[in-house]
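Here's the structure we're looking at; comments come further down.
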Amino acid sequence: MALRKILIHPDPRLKKVTDPVPAVTDDIRRLADDMLETMYDAPGIGLAAPQIAQMMRIIVMDCEKDEGATPSPMVLINPQVVWSSDERSTYDEGCLSIPDQYAEVERPAEVEVEWLSLDGKTQREKFDGLWATCVQHEIDHLDGKLFIDYLKPLKRQMITRKMQKLKRELARS
């Protein structure tokens, strides 16, 4: 396993729609392991392949945040929302590609998602609470959408300027 570099917004790769994974291979499984290690190290609760410059439809997540809770890592290949509730929920979202910036985003409170597992079998599960928010946030990444795209233009521009400044500072150090 290896830690991967997480892209910081603005980066054009974060705005691209990713390609479906044609087959679950050993390379895909290694990538998933790297993604989980990178997510836990960050630390975060979700990571999408484009955030580490891999333009394919893979996300990882683990929303077990309580101290002492057993980790519950998930790898979803080619995930798609097949149902979403009319009920909405609002969560203060952040993103590993937009460090230290948070904003309230409203999304469906529950979603049902279908995906391929690491053994190539189709899975289907209903998510609610933080898991629902996280899976929708990560699937958005696969479609070139960031959580700040849900915000009003002024707030989005302000966060983007902060990220540009952060990238300049990181480039200098």
Between M74 and W131, does a side-chain contact (heavy atoms from CB on, under 4.5 Å) hold up when you go through it step by step? CA-CA 11 Å; M74 294 188 76; W131 287 92; 3.6 Å; yes
Find out whether [X] and [Y] are in side-chain contact, i.e. whether some heavy atom of one side chain is under 4.5 Å from a heavy atom of the other.
{"X": "Q164", "Y": "P10", "answer": "yes"}
{"X": "L151", "Y": "I159", "answer": "yes"}
{"X": "E106", "Y": "S89", "answer": "no"}
{"X": "Y91", "Y": "V105", "answer": "no"}
{"X": "M35", "Y": "Q54", "answer": "no"}
{"X": "L146", "Y": "D140", "answer": "no"}
{"X": "W115", "Y": "N78", "answer": "no"}
{"X": "H141", "Y": "T18", "answer": "no"}

Candidate list D26, D33, D27, test salt bridge (Lys or Arg N to Asp or Glu O under 4.0 Å), partner R30, passing option: D27
Among residues at least two apart in sequence or on other chains, which ones pass side chain to side chain contact (heavy atoms under 4.5 Å, CB included) with E112? V82, W83, R124, K126
Does P22 have any side chain to side chain contact (heavy atoms under 4.5 Å, CB included) partners at least two apart in sequence or in another chain, and if so, which? none
Can [Y] be reached from [X] by stepping across I, L, V, M, F, W or Y side chains whose heavy atoms are under 4.5 Å apart?
{"X": "I8", "Y": "L47", "answer": "no"}
{"X": "L142", "Y": "F147", "answer": "no"}
{"X": "I139", "Y": "L76", "answer": "yes"}
{"X": "F127", "Y": "I59", "answer": "yes"}

Here's one to test your reading of the geometry: is the NZ or CZ of K155 within 45 degrees of the ring axis of Y150 and under 6.0 Å from its centre? no
Considering all heavy atoms of both residues, which atom of [X] and which atom of [Y] are nearest to each other, and what is their separation?
{"X": "G44", "Y": "A42", "answer": "N-CB, 4.0 Å"}
{"X": "M39", "Y": "L96", "answer": "CA-CD1, 4.5 Å"}
{"X": "S84", "Y": "V111", "answer": "CB-CG1, 3.8 Å"}
{"X": "P50", "Y": "L14", "answer": "O-CD2, 3.9 Å"}
{"X": "V24", "Y": "S117", "answer": "CG2-O, 3.8 Å"}
{"X": "C134", "Y": "G46", "answer": "SG-CA, 4.0 Å"}

For the pair E37 (side chain) and A2 (backbone), establish whether a donor and an acceptor sit closer than 3.5 Å, ignoring hydrogens and angles. yes
Donor-acceptor pair, side chain of Q51 and main chain of A48, under 3.5 angstrom: yes
Would V21 and L116 count as a side-chain contact (heavy atoms from CB on, under 4.5 Å) if you check the C-alpha gap in whole Å, the side-chain angles of each, and the deciding distance to 0.1 Å? CA-CA 9 Å; V21 174; L116 290 179; over 6 Å; no
Before giving the answer on salt bridge (charged side-chain N to carboxylate O under 4.0 Å, His left out), spell out for R57 and D143 the whole-Å C-alpha distance, their side-chain angles and the decisive distance to 0.1 Å. CA-CA 9 Å; R57 299 187 75 77; D143 296 327; 3.1 Å; yes
Which of these passes side chain to side chain contact (heavy atoms under 4.5 Å, CB included) with L154: M158, Q157, K152, R156? Q157
Result of checking L7, I58, L31 against I52 for side chain to side chain contact (heavy atoms under 4.5 Å, CB included): L31
Separation between [atom1] of [X] and [atom2] of [Y], rounded to the nearest 0.5 Å:
{"X": "K162", "Y": "T160", "atom1": "NZ", "atom2": "OG1", "result": "11.0 Å"}
{"X": "S97", "Y": "H9", "atom1": "OG", "atom2": "NE2", "result": "9.5 Å"}
{"X": "T133", "Y": "D92", "atom1": "OG1", "atom2": "CG", "result": "11.0 Å"}
{"X": "R29", "Y": "D119", "atom1": "CZ", "atom2": "CG", "result": "8.0 Å"}
{"X": "I6", "Y": "D41", "atom1": "CD1", "atom2": "CG", "result": "8.0 Å"}
{"X": "M163", "Y": "L170", "atom1": "CE", "atom2": "CG", "result": "9.5 Å"}

Answer yes or no: does atom CD of E169 have more than 12 heavy-atom neighbours from other residues, nucleotides or ligands under 6.0 Å? yes
Does the pair M55 and V17 meet the rule for a side-chain contact (heavy atoms from CB on, under 4.5 Å), with working shown? CA-CA 8 Å; M55 304 313 293; V17 176; over 6 Å; no
For L118 and I77: C-alpha separation, side-chain torsions, deciding distance, then whether side-chain contact (heavy atoms from CB on, under 4.5 Å) applies. CA-CA 8 Å; L118 289 173; I77 300 167; 3.9 Å; yes
For E93, side chain to side chain donor-acceptor pair (under 3.5 Å) partners two or more places apart: R107, H137
